[in-house]
> 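I have a structure I would like to understand better, so I am pasting it below and will then ask my questions one at a time.
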Amino acid sequence: MPELPEVETQVRDLKKEIKGLTIKDIIPIYKKVLKKPKNFKLFKNSILNKKVLDIERLGKNILIHAGDKVILIHQKIAGHILYSKWIKKGNNYISEDKIIKKDPKNRFLIYLFVFNNGKMLGLCDPRKFSKIELWSRKDIKKIKEIKKLGEDPFSKNFTFNYFYGKIKNKNKSIKSVLLDQSIVLGIGNIYSDEILWQAKVHPTKKAKELSLNEIKEIFKAIKQVLREGIKKRGESFSDWRDIFGKKGNYDKYKKVFKREGLSCKRCKSAILKTKISGRTSRFCSNCQKYD
DNA sequence: GTTTGTACCTGTCCGC
DNA sequence: TGCGGACAGGTACAAA
């Protein structure tokens, strides 16, 4: 769900809303989301009364800089974060915000950060795959999980030569390559399908078999599609909502994702679906030819 | 070293 | 209406 455009939307909004606030309490509704440190008391003591200095996106991760620490949140498949105020009623937390309260997708709160203005940041995730980690600010960029990440598509280091060099010898499908976070950051199953449709490349084609022109088209499409996603404030065909509980607008613009059986918006041919290394992929049977 | 498969969880949807 | 099974946007780790 939350891929680059969705996480970018969240981070931009969070900068406006929580920068400068102080963390006053943490409520762990589902304790297992905290992966580091595993000990909740240690986690809480490390960030209590710390001021939020900045919020940053690193691929699909959200980094909240608080004092000398960084809280890393990854929402995985089905998570999203909300900014509101919740009141506990029995075993449930009820948001005082009407939009958040009436949307059933916002029911699955698993973690709450309480700020000095009384408002809270809530992590919501029906599948409980999300993770929260705590790192020190000075070595977050040095840890191996972060060091192995590739370039962000909007970084100046993401050049055609970088991209070409990373993929030219890959013996796996271009679909899997686009999902590989050690090559390009932030692309998930939705936008990879959209990018390949835009570039007119068959998803199962092996990266090393792509022509130079096809690689150029993919490189261009990565930026175009993701930029459009950000402009539309992400997609919400399923669980994802922005931090105010509102839906993104990209759904109307998507060309192939979850459109199998419908007609291609470019050539009217059928959109098909197939499985590639365990991930479902949708593509046009006519304009995305293998050769 | 590279690529593919599986586990992590639970809600939702479809067919019977 | 109710139930069982398939399926779901990501990633770490194991296995091939």
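Numbered from 1 within each chain, the chains take letters A, B, ... in sequence-line order.
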> Just checking A/Lys206: base, sugar-phosphate only, or nothing, at a heavy-atom cut-off of under 4.0 Å?
nothing
> For A/Lys131 and for A/Glu235, find the nucleotide of DNA chain C with the closest heavy atom, then tell me which residue's nucleotide is more 5'.
A/Glu235
> Using a heavy-atom cut-off of under 4.0 Å over every strand shown, decide if A/Gln75 touches base, sugar-phosphate, or nothing.
nothing
> Mapping A/Lys60 and A/Thr280 onto DNA chain C by nearest heavy atom, which one lands closer to the 5' end?
A/Thr280
> In whole angstrom, give the distance that lies between atom CZ of A/Phe108 and atom C1' of B/dC9.
12 Å
> Between B/dG11 atom P and A/Lys105 atom NZ, what is the distance in whole Å?
11 Å
> More than 12 non-hydrogen atoms from neighbouring residues, nucleotides or ligands closer than 6.0 Å to NZ on A/Lys50, yes or no?
yes
> Scan A/Ile276, A/Thr274, A/Thr280 and name whichever one has a side chain to side chain contact (heavy atoms under 4.5 Å, CB included) with A/Lys175.
A/Ile276
> Sugar-phosphate atoms are those with a prime plus P, OP1 and OP2; base atoms are the rest. Using that split, label each nucleotide of nucleotides 3-8 of chain B B, S or - for protein heavy atoms under 4.0 Å, 5' to 3'.
SS---B
> Would you classify A/Arg241 as touching base, sugar-phosphate or nothing, given that sugar-phosphate means primed atoms plus P, OP1 and OP2, and contacts are heavy atoms under 4.0 Å?
nothing
> Provide the distance between the two P atoms, one in C/dT11 and one in B/dG1, to the nearest whole Å.
23 Å
> Would you kindly give the CG-to-P distance between A/Leu149 and C/dT11, to the nearest whole Å?
9 Å
> Is it true that A/Ser173 and A/Thr204 share a donor-acceptor pair across their side chains at a distance under 3.5 Å?
no
> Is the distance from OP1 or OP2 of B/dT12 to the nearest side-chain N or O of A/Arg107 less than 4.0 Å?
yes
> Among A/Ile100, A/Thr9, A/Leu82, A/Leu14, find the residue that satisfies the side chain to side chain contact (heavy atoms under 4.5 Å, CB included) test when tested with A/Ile243.
A/Leu14
